[in-house]
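For the numbers below, each heavy atom of this structure counts, side chains included, while hydrogens, waters and symmetry mates do not. Residue numbers start from 1 in every chain, and the chains themselves are labelled A, B, ... in the order their sequence lines are given, proteins ahead of strands. Note that this is a predicted model, so its numbers are computed, not measured.
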There are 2 protein chains.
Amino acid sequence: MIKHCADDLKTLSDRVFCHTREAIVEGRIAPGSKISEAELAQTHGISRGPLREAISQLAAIGLIERKPNIGARVIQLSSAQLLEIFHVREALEGMAARQAAMNMPADKVNQLHDTLRRHADQIAQDADHAYFQQSGDLDFHFQIVQGSANQYLIKLLCRDLYHLVRLYRYQFGMRSKRGPIALTEHQHIADAIARSDGEMAELLMRAHIRASRENVERMLRAEQ
Amino acid sequence: MIKHCADDLKTLSDRVFCHTREAIVEGRIAPGSKISEAELAQTHGISRGPLREAISQLAAIGLIERKPNIGARVIQLSSAQLLEIFHVREALEGMAARQAAMNMPADKVNQLHDTLRRHADQIAQDADHAYFQQSGDLDFHFQIVQGSANQYLIKLLCRDLYHLVRLYRYQFGMRSKRGPIALTEHQHIADAIARSDGEMAELLMRAHIRASRENVERMLRAEQ
DNA sequence: ACACGATGTATTGTCAACAATATAGATGCC
DNA sequence: GGCATCTATATTGTTGACAATACATCGTGT
């Protein structure tokens, strides 16, 4: 299970940043809603100084949009933006999978397989695969990105992009039947990494994300 | 020529962010040097409030590192980090070139060719190709990324990564003889985009960045 | 009834003082 | 002499008040 907030957050702005990020991502703060500095400061019991820094950070990772003298709003992903994110993920995570195949140490590969076994169990039990889709999926992707050993890539994906992914899952609230299929794809990717087959790992990862995107596209079309 | 600072920067923190970013990227603030809030605030004639927001933003784009209760330092790119950035660029700009081949409007393609003609002139005149390497090269890459029409990708590259690229060029101060070769590669990429050959555009862009990286690797080896 | 402008209110941007933490230097001890 | 500890200083984190900007309300004229 991923820990989204480090627990050694020393400054107020870091703590509020992290809490507010989770609140946004989990939909407790509605998409598109305005963020009032005074109000948020009061709910957290802090002054506006550190709060504004937290808001800056949230804007930096793209979760809120800020306009000078006007204020900050939680972003509302359009379907176009959603697909953009998928395209970027395809490029970056494809690369991550390739690098992971080359750099991931044996014990981390074992951990990856453990994770997948847990996911298989959960899918067997959980009829509508809610857990897997919301949290387990990202768990897998996280581990691979971490395995790439490219710090810049890790920061890009784990610090910024994945929170947007989490946000859209709440915003669009999609629940496909892809759970079991996705798990199989995950297993094939993990196998390629285990054999240090970077080429194949990238190919499979790209196909996996593309399939996920195409699934979303279908659902978007069906929606209207 | 790229404009790095928008001129409608309404708030103090935005202005100081932009100025300081340029100062760091151009080496006027030494890599690794500590950033004193009081000092910087005084030189800009502002108070520490907005200055701290500017520092947060600089940390968000990765130009400085900040530790709670200790302070902020300008980053000092290790050669390993430099190569990481090249790898990420290869993936992202490869994708950008492919998308640009599909989405770039005709007039923008013409502009791209104009830029390359100007670069050819400059290389013919400027014996050591200083201009081209420092500024012209990024000019070309900027236009292609813009042509991808993927807003998230554009933000990723233009807002964050390119400033790191500019920084390393000052930090490592490399001056290779690749100018003319790079220009040729640029022309081939532009041609592929003009024919809407996305596959080829990506291939050529990746090769171009890879060649650039390998050149840097050679120079790093030669240095020690 | 509608458009435009003035006024008052709410919100954001900025500042200067205060609190908390870390760094540097001096002192004492082994 | 080297090391730990305590103290003084400098730097960062936080706060509440003030200034500037945007928004809503009301009024006026056509």
Problem set entry | ring-ring contact (aromatic ring centres under 6.0 Å, His included) against B:Y152, all qualifying residues, sequence neighbours excluded | none
For this session: Would you check, one step at a time, whether the test side-chain hydrogen bond (donor to acceptor under 3.5 Å, both in side chains) holds for B:H119 with B:D137?
Result: CA-CA 9 Å; B:H119 290 174; B:D137 176 64; over 6 Å; no
Exercise. Looking only at heavy atoms, what is the nearest atom pair of B:K155 and A:G62, with distance?
Worked result: NZ-CA, 3.9 Å
Problem set entry | B:R210 and B:E217 ion-paired at < 4.0 Å | no
Problem set entry | Bounds of contact between DNA chain D and chain B, in 5' to 3' order, using a heavy-atom cut-off under 4.0 Å | D:dT11 to D:dT14
For this session: Determine whether B:I189 and B:I193 make a side-chain contact, defined as any pair of heavy atoms from C-beta on separated by less than 4.5 Å.
Result: yes
Problem set entry | B:R166 and B:H4: CA distance, side-chain angles, deciding distance, side-chain hydrogen bond (donor to acceptor under 3.5 Å, both in side chains) verdict | CA-CA 11 Å; B:R166 294 171 63 208; B:H4 297 295; 3.3 Å; yes
Exercise. Using a cut-off of 4.0 Å between protein heavy atoms and nucleotide atoms, how would you tag nucleotides 5-17 of chain C 5' to 3' with B, S and -?
Worked result: ------SBBBB--
Exercise. So, are A:R66 and B:E53 salt-bridged, with charged N and O less than 4.0 Å apart?
Worked result: yes
